[in-house]
Amino acid sequence: MTGTSVGQRYIARRKIVIRYLGTRKTPEGATLYCFVVNGQQKEIREFDLKLHPGCYNILPQSVKDQIAKNRAWLSKA
């Protein structure tokens with residue numbers, strides 16, 4: 001076995017625990033979504049949620065609806 005395949009197996013078996021804490025605004029007005037991922041706090045911008053699919057999936061439906069509205073508004077411009 002190569003080192004890469006062993007690493008992939010380890011990642012596949014590792015349990016990831018994600019908890020949504022809420023949102024906060026930056027001084028520039030951007031929204032950050034706050035999560036705890038395996039005990040570490042992470043603040044993720046809306047655009048970067050694509051890079052963290054587990055975090056997006058755990059969001060409440062009301063937050064997902066707001067993100068969809070924001071994306072629809074941006075696509076009109």
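Along the sequence shown, residues are numbered consecutively beginning with 1. Atoms considered below: every heavy atom in the structure, side chains included; atoms not considered: hydrogens, waters and symmetry mates.
- By the rule that hydrophobic residues join a cluster once side-chain heavy atoms approach within less than 4.5 Å of another member, Leu59 and Val36 end up as members of separate clusters.
- What you find for Glu46 and Arg71 is that their closest heavy atoms are O-NH2, 4.0 Å.
- Other residues, nucleotides and ligands contribute over 12 non-hydrogen atoms within 6.0 Å of the CD atom of Gln41.
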- Can you list the steps and then say if Arg45 with Thr31 is a side-chain contact (heavy atoms from CB on, under 4.5 Å)? CA-CA 6 Å; Arg45 291 182 182 261; Thr31 302; over 6 Å; no
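- Summarising the geometry, atom CG belonging to Leu21 is positioned 12.5 Å from atom CG belonging to Leu32; distances are rounded to the nearest 0.5 Å.
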- Given side-chain contact (heavy atoms from CB on, under 4.5 Å), test Asn38 with Ile18 step by step and report yes or no. CA-CA 7 Å; Asn38 288 342; Ile18 302 172; over 6 Å; no
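- Judged by a 6.0 Å distance limit and a 45° cone about the ring axis, Lys50 is not positioned over the six-membered ring of Tyr56.
- When the side chains of ILVMFWY residues are joined at heavy-atom separations under 4.5 Å, either directly or via intervening members, Tyr33 and Ile16 end up in a single hydrophobic cluster.
- Counting heavy atoms from C-beta outward, Leu49 and Phe35 have side chains that approach closer than 4.5 Å.
- Heavy atoms only, all atoms of each residue included: Ile44 and Cys55 are closest at CD1-SG, 3.9 Å.
- In this structure, Arg24 and Cys34 have side chains that are in contact, with non-hydrogen atoms separated by less than 4.5 Å.
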